[in-house]
Amino acid sequence: MKQLVVSLIEQSIATLKQSGAFDTDLQANIQVENTRDKQHGDLASNVALTLAKAARRNPREIAQMICDHLPAATEVSKTEIAGPGFINFFISQDATATVLNSILELGDQYGQCQVGADQHVQIEFVSANPTGPLHVGHGRGAAYGASLGNLLSAAGYKVQREYYVNDAGRQMNILAASVWLRYLALEGETMPFPSNGYQGEYVKDIATALHKRVGSNLKHSAAEVSKDLPADAPEGDKEAHIDAIIDRAQQLLGDENYQLLFAAGLDSIRDDIKDDLADFNVTFDNWFSERSLSQEDQIERAIKKLQDNDHIYEQDGALWFRSTAFGDDKDRVVKRDNGQTTYFASDIAYHLNKFERGFDTVINIWGADHHGYITRVKAALTAMGLDAERLVVKLVQFAILYRGEERVPMSTRSGSFVTLRELRDEVGKDASRFFYVTRKTEQHMDFDLELAKSDSKDNPVYYIQYAHARICTILAKLAVEDMTWDQTQGLANLQLLSETAEIDLMQQLALYPEVIASAALAYEPHQVAHYLRDLAGNFHTYYNAHRMKIDDAALRNARLTLSSATRQVLANGLQLLGVAAPERM
RNA sequence: CCCCUCGUAGUUCAAUGGAUAGAAUAGGGCCCUCCUAAGGCUUAGAUGUAGGUUCGAUUCCUACCGAGGGGACCA
């Protein structure tokens with residue numbers, strides 16, 4: 001419809017140029033937008049305002065000229081000039097109602113579009129360290145990434161969803177050591193738990209499972225383990241203390257048994273995260289192991305690539321990437337003087353790997369605490385001869401948790417956090433998903449657990465689901481009143497849908513494909529959430545004002561057809577957000 | 001000190017540079033002999049401060065104030 005109006009305006013301007021009223025070289029940038037206020041018609045263009053300067057006339061005069069020369073179109077019932085020079089278009093009821101044909105024909109495909117043009121996009125998100133269960137802080141990134149993936153798919157992109165498993169770093173060794181100490185305790189070998197170890201109950205659970213499986217095979221005496229360890233905090237250095245325990249574990253257990261221990265922690269937590277996310281309706285196509293990078297020499301290869309391009313230098317025994325040449329604040333170490341590559345080096349290799357897999361666009365969803373990495377990662381990509389523009393980093397601001405007035409402190413290490421699982425149990429999957437994804441990612445958000453738990457009516461997701469369920473119930477209970485719904489008859493009688501509420505609802509339904517395209521291009525699923533809220537509101541208003549189960553068969557069929565189309569769009573939108581569309585509530 | 005994000009009704013959030021800044025909740029007042037009142041109607045209420053860019057700024061730029069997060073040969 002927008003396209004039609006644009007072309008009408010184009011034709012009018014062309015006519016005016018031919019008649020000499022406008023200069024032939026006048027360039028018109030024709031924008032047509034949906035009006036916010038129905039008094040301004042259905043579509044509006046500001047073209048006259050933008051032409052005012054070039055044409056040296058006042059905007060209202062130009063608008064009048066354009067209106068006078070618009071070709072006739074049955075879809076447009078009326079045009080008006082308003083305000084400073086807007087041209088408002090009123091769309092006929094007939095043209096509006098045709099959207100119901102599309103919706104019912106396309107079903108769950110309605111709203112899909114091809115703005116993605118089959119481009120391959122990878123979305124990497126969550127990627128939390130597998131050192132403990134996900135907490136509510138991860139929930140936002142999970143909800144956003146999953147919804148974005150669905151949205152981009154609907155918009156015609158080929159999407160791969162990936163989780164980067166940080167299974168290579170020191171934190172994983174700390175986890176292994178933590179599991180070991182809990183395991184030893186089960187064997188009666190107790191020693192003080194390191195202040196820097198992972199203290200959560202889940203570590204004990206992993207130890208218990210491990211103990212059940214391997215018996216005493218990993219046992220060493222507490223005296224042996226704790227002999228000559230550097231002091232823990234507060235007297236000593238907690239980092240040196242935990243590192244010494246890790247070294248001790250590797251010495252005493254040997255490589256094979258240490259790997260067994262390590263894998264027990266990693267596998268258990270990764271599987272748990274996988275289940276946790278699946279229950280949150282978040283699934284991945286690929287779980288990418290950081291360790292696979294070093295096993296396949298990809299890190300060395302990435303560093304070599306930077307070296308070949310002359311962006312690496314040696315200083316103080318370490319290898320540095322000259323990222324300042326690409327706008328970074330300081331140069332970054334990729335290989336330490338002890339020969340170990342840094343986390344950043346893994347990141348470079350990982351991103352090189354991603355681009356080598358042939359994605360047109362690579363999207364990283366990162367927590368706001370990672371913003372400092374954007375510049376350096378993009379610098380590395382550029383230095384390796386890749387187009388850094390193809391890496392899109394979306395930062396997700398933290399959700400600040402409240403319990404009523406009180407702020408909930410969050411810390412993984414101390415084990416004092418609200419897990420995502422607890423949130424789901426308390427608030428519910430649908431409400432949590434919707435709550436997270438209703439805000440745009442840049443917005444800092446307050447998450448009040450008390451509010452979310454205590455009274456679920458405060459959450460608009462139920463309002464939308466309720467609209468869906470209402471329609472389902474109406475259709476399901478027709479038989480009780482000896483009534484039928486004939487969709488073909490309904491579509492043949494769409495001209496009967498002339499109430500304001502009906503026209504508003506149809507117009508809202510017609511907007512859905514635009515919302516999908518717009519939300520996808522902006523990477524903003526929250527647009528869909530807000531749209532659904534509005535759509536549900538339109539339906540509730542309609543429902544309260546007019547009856548659908550009525551004796552007049554023609555009108556009944558038409559109204560039920562409209563309701564059914566509304567149900568379809570609500571279901572399609574909720575599906576994108578990973579929220580259920582219940583048939584009754 | 002430097003960098004990033006954000007400041008909009010009492011509260012939680014919207015608003016491709018456009019017309020009278022929208023919802024939801026909380027507060028006033030109404031609507032179930034009627035398809036689900038988890039609903040509807042109605043009323044009241046907001047752009048942190050100061051400049052700039054222009055026909056027009058919540059939106060773009062600068063400074064300041066306030067909130068959150070970064071600034072390792074840690075991951």
Side-chain angles (χ1 to χ4, degrees), chain A residues 31 33-37 39-40 44 46 49-50 52-53 58-59 82-86 88 129 131 166 168-172 174 239 290 315-320 329-330 332-344 346-347 367-375 395-398 400 435 438-448 451 455-467 469-478 480-481 483 501 518 521-522 526-527 529-531 533-534 536-537 539-550 556 559-560 563 584-585:
Chain A
Q31 295 173 36
E33 51 193 37
N34 301 303
T35 55
R36 292 184 191 175
D37 185 340
Q39 286 181 7
H40 299 140
N46 62 352
L49 280 75
T50 60
K53 205 176 233 180
N58 85 52
F86 289 99
N88 296 334
N129 284 349
T131 52
N166 291 105
R170 174 168 169 265
Q171 295 305 323
M172 290 307 300
I174 295 178
E239 305 292 346
E290 181 186 357
Q315 185 181 309
D316 304 331
L319 288 184
W320 296 72
D329 292 338
K330 54 185 83 162
R332 308 288 173 178
V333 171
V334 291
K335 187 183 273 190
R336 298 199 264 161
D337 56 8
N338 65 7
Q340 285 184 351
T341 54
T342 59
Y343 176 85
F344 177 47
S346 298
D347 247 4
D369 54 336
H370 280 69
H371 98 265
Y373 295 90
I374 300 174
T375 308
L395 291 182
V396 177
Q397 295 295 326
F398 292 139
I400 301 170
F435 190 88
T438 307
R439 280 80 167 160
K440 54 182 174 187
T441 53
E442 301 88 1
Q443 184 65 253
H444 299 224
M445 103 186 196
D446 293 342
F447 200 131
D448 185 343
L451 190 70
D455 190 1
S456 56
K457 274 185 285 188
D458 289 334
N459 198 309
V461 72
Y462 298 109
Y463 181 87
I464 299 168
Q465 291 181 316
Y466 185 52
R470 253 186 171 170
I471 299 169
C472 289
T473 309
I474 294 167
L475 296 174
K477 290 193 176 164
L478 275 173
V480 176
E481 298 182 33
M483 286 187 185
S518 158
L521 289 171
H526 80 268
Q527 290 186 26
H530 286 275
Y531 167 84
R533 213 275 159 206
D534 288 345
F539 180 77
H540 286 309
T541 299
Y542 178 42
Y543 174 91
N544 272 276
H546 306 285
R547 293 186 59 79
M548 285 141 217
K549 291 201 260 186
I550 48 177
R556 179 178 72 234
R559 286 183 171 173
L560 290 172
S563 300
R584 67 179 70 85
M585 290 173 75

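Note that the coordinates shown come from a computational prediction; the quantities given were computed from them, not determined experimentally. Convention: sequence-line order gives letters A, B, ...; per-chain numbering from 1.
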B:rA57 -> Watson-Crick or G-U wobble partner, both distances under 3.5 Å, gives none
Mind checking if A:A82 touches a base, just sugar-phosphate, or nothing, with heavy atoms under 4.0 Å? base
Which of B:rG40, B:rC4, B:rA37 is nearest the side chain of A:H371? It is B:rC4
Interatomic distance, CD@A:Q340 vs CZ@A:R170, rounded to 0.5 Å, equals 10.5 Å
Worksheet item: Do A:D446 side-chain and B:rA67 base share a donor-acceptor contact under 3.5 Å?
Response: no
Whole-Å distance, A:M585 CE to B:rA38 C1', equals 6 Å
- How would you label the contact of A:M445 with the nucleic acid (heavy atoms, under 4.0 Å): base, sugar-phosphate, or nothing? sugar-phosphate
On a heavy-atom basis, the closest approach of A:R470 and A:N544 is NH1-ND2, 4.0 Å
| said: Would you measure the distance from the P atom in B:rA72 across to the matching atom in B:rU53 and give it in whole Å? | reply: 40 Å
Answer for the Watson-Crick or wobble partner of B:rG10, both distances under 3.5 Å, is B:rU25
From the candidates B:rC74, B:rG7, B:rC73, the one with an atom nearest any side-chain atom of A:Q443 is B:rG7
Considering every strand and a 4.0 Å limit on heavy-atom distances, what is the contact class for A:Y463: base, sugar-phosphate, or nothing?
sugar-phosphate
- Touch check for A:H40, heavy atoms < 4.0 angstrom, all strands: base, sugar-phosphate only, or nothing? base
Against the side chain of A:Y462, the closest entry in B:rC13, B:rC35, B:rA38 is B:rA38
Name the pairs: protein N/O against N/O of nucleotides 53-59 of chain B, kept only if under 3.5 Å.
unit_1: B:rC55; atom_1: OP1; unit_2: A:K53; atom_2: NZ; d: 2.7

Review point. If only atom types and distance count, is the side chain of A:D316 paired as donor or acceptor with the main-chain N or O of A:A318 below 3.5 Å?
Key: no
Which of B:rC6, B:rU36, B:rC74 is nearest the side chain of A:E442? It is B:rC6
For nucleotides B:rU47 and B:rU11, find the distance between their P atoms and express it as a whole number of Å.
12 Å
Need one value for A:A44: base, sugar-phosphate or nothing, where a base atom within 4.0 Å counts as base even if backbone is also close, heavy atoms only.
base
Residues at least two apart in sequence or cross-chain that pass side chain to side chain contact (heavy atoms under 4.5 Å, CB included) with A:T35, listed by chain then number, are A:K38, A:H40, A:A44
_Please confirm whether the shortest side-chain N or O distance from A:H444 to OP1 or OP2 of B:rC4 is below 4.0 Å._
no
Would you say a side-chain N or O of A:T342 is under 4.0 Å from OP1 or OP2 of B:rC74? no
Inset, instruction - In whole angstrom, give me the gap between the P atoms of B:rG52 and B:rA26. - result: 43 Å
If pairing means Watson-Crick or G-U wobble with both distances under 3.5 Å, then the partner of B:rG45 is none
Atom CZ of A:R556 and atom C1' of B:rC35 are separated, to the nearest Å, by 12 Å
To the nearest angstrom, the CZ-C1' distance between A:R439 and B:rU25 comes to 11 Å
#### Entry: Short side-chain N/O contact from A:R533 to OP1 or OP2 of B:rG22, under 4.0 Å
no
Heavy atoms of A:F86 and A:L49 approach each other most closely as N-CD1, 3.8 Å
**Request:** Considering just the side-chain nitrogens and oxygens of A:K440, establish if one lies under 4.0 Å of OP1 or OP2 belonging to B:rA15.
**Result:** yes
Note: A:R556 and A:M548 closest approach over all heavy atoms is CG-O, 3.3 Å
Separation between CD (A:Q527) and NZ (A:K440), nearest 0.5 Å, reads 10.0 Å
Distance col, row A:T473:OG1 vs A:L478:CG, nearest 0.5 angstrom, shows 11.0 Å
- Write down the distance separating the C1' atoms in B:rA19 and B:rC61, rounded off to the nearest Å. 25 Å
Partner of B:rC73 under the Watson-Crick or G-U wobble criteria, both distances under 3.5 Å, comes out as none
**Item:** N/O donor-acceptor pair under 3.5 Å between A:H540 side chain and A:Y466 backbone
**Value:** no
The reported gap from CZ in A:R559 to NZ in A:K549 (rounded to nearest 0.5 angstrom) is 14.5 Å
**Request:** Remember a base hit wins even if backbone is also touched, and classify A:H526 as base, sugar-phosphate or nothing at under 4.0 Å, heavy atoms.
**Result:** sugar-phosphate
Checking B:rU36, B:rG40, B:rC73 against the side chain of A:T541 (C-beta onward), the nearest is B:rG40
Using a heavy-atom cut-off of under 4.0 Å over every strand shown, decide if A:A368 touches base, sugar-phosphate, or nothing.
sugar-phosphate
ask   = What nucleic acid atoms does A:E290 come within less than 4.0 Å of, heavy atoms only: base, sugar-phosphate, or nothing?
value = nothing
Contacts of A:Y543 meeting ring pair (Phe, Tyr, Trp, His ring centres under 6.0 Å) (sequence neighbours excluded), chain-then-number -> none
Nearest-angstrom distance, P atom, B:rG51 to B:rU58:
14 Å
Exercise for review: Look at all strands and tell whether A:D369 reaches a base, only sugar-phosphate, or nothing, counting heavy atoms closer than 4.0 Å.
Suggested key: sugar-phosphate
Expressed as a whole number of Å, how far does the C1' atom of B:rC2 sit from that of B:rG56?
36 Å
Would you measure the distance from the C1' atom in B:rU62 across to the matching atom in B:rG71 and give it in whole Å? 24 Å
Nearest heavy-atom contact between A:Y542 and A:S563 is CE2-OG, 4.4 Å
chi for B:rC32 classified (syn = within 90 degrees of 0, anti otherwise) as syn
*Have a look at A:A545 and say if it touches a base, only the backbone sugar-phosphate, or nothing, with a 4.0 Å heavy-atom cut-off.*
nothing
**Message:** Counting only side-chain nitrogens and oxygens, does A:Q397 get under 4.0 Å of the OP1 or OP2 atom of B:rC4?
**Reply:** no
The Watson-Crick or G-U wobble partner of B:rU62, with both key distances under 3.5 Å, is B:rA50
| task | Using a heavy-atom cut-off of under 4.0 Å over every strand shown, decide if A:N129 touches base, sugar-phosphate, or nothing. | result | sugar-phosphate
Out of B:rC13, B:rG70, B:rG71, minimum distance to the side chain of A:K330 belongs to B:rG71
Checklist entry - Do the side chain of A:N46 and the base of B:rG18 come within less than 3.5 angstrom through a donor-acceptor pair of N or O atoms? => result yes
Separation of the C1' atoms in B:rC13 and B:rG7, to the nearest angstrom:
13 Å
The residue, A:G169 or A:H546, whose nearest nucleotide of RNA chain B is more 5′ is A:H546
In whole angstroms, the gap separating C1' of B:rG17 from CZ of A:F86 amounts to 11 Å
Quiz item: Would you say A:Y543 stacks on B:rG39, if stacking means ring centres under 5.5 Å apart and planes within less than 30 degrees?
Solution: no
Note: for A:T438 and A:A469 on RNA chain B, the residue whose nearest nucleotide lies more 5' is A:T438
When rounded to whole Å, the CD1 to P distance for the pair A:I374 and B:rG71 reads 13 Å
- Would you classify A:N34 as touching base, sugar-phosphate or nothing, given that sugar-phosphate means primed atoms plus P, OP1 and OP2, and contacts are heavy atoms under 4.0 Å? nothing
Notebook entry, point to check: Between B:rC41 and A:Y542, is there an OP1 or OP2 to side-chain N/O distance shorter than 4.0 Å?
Noted result: no
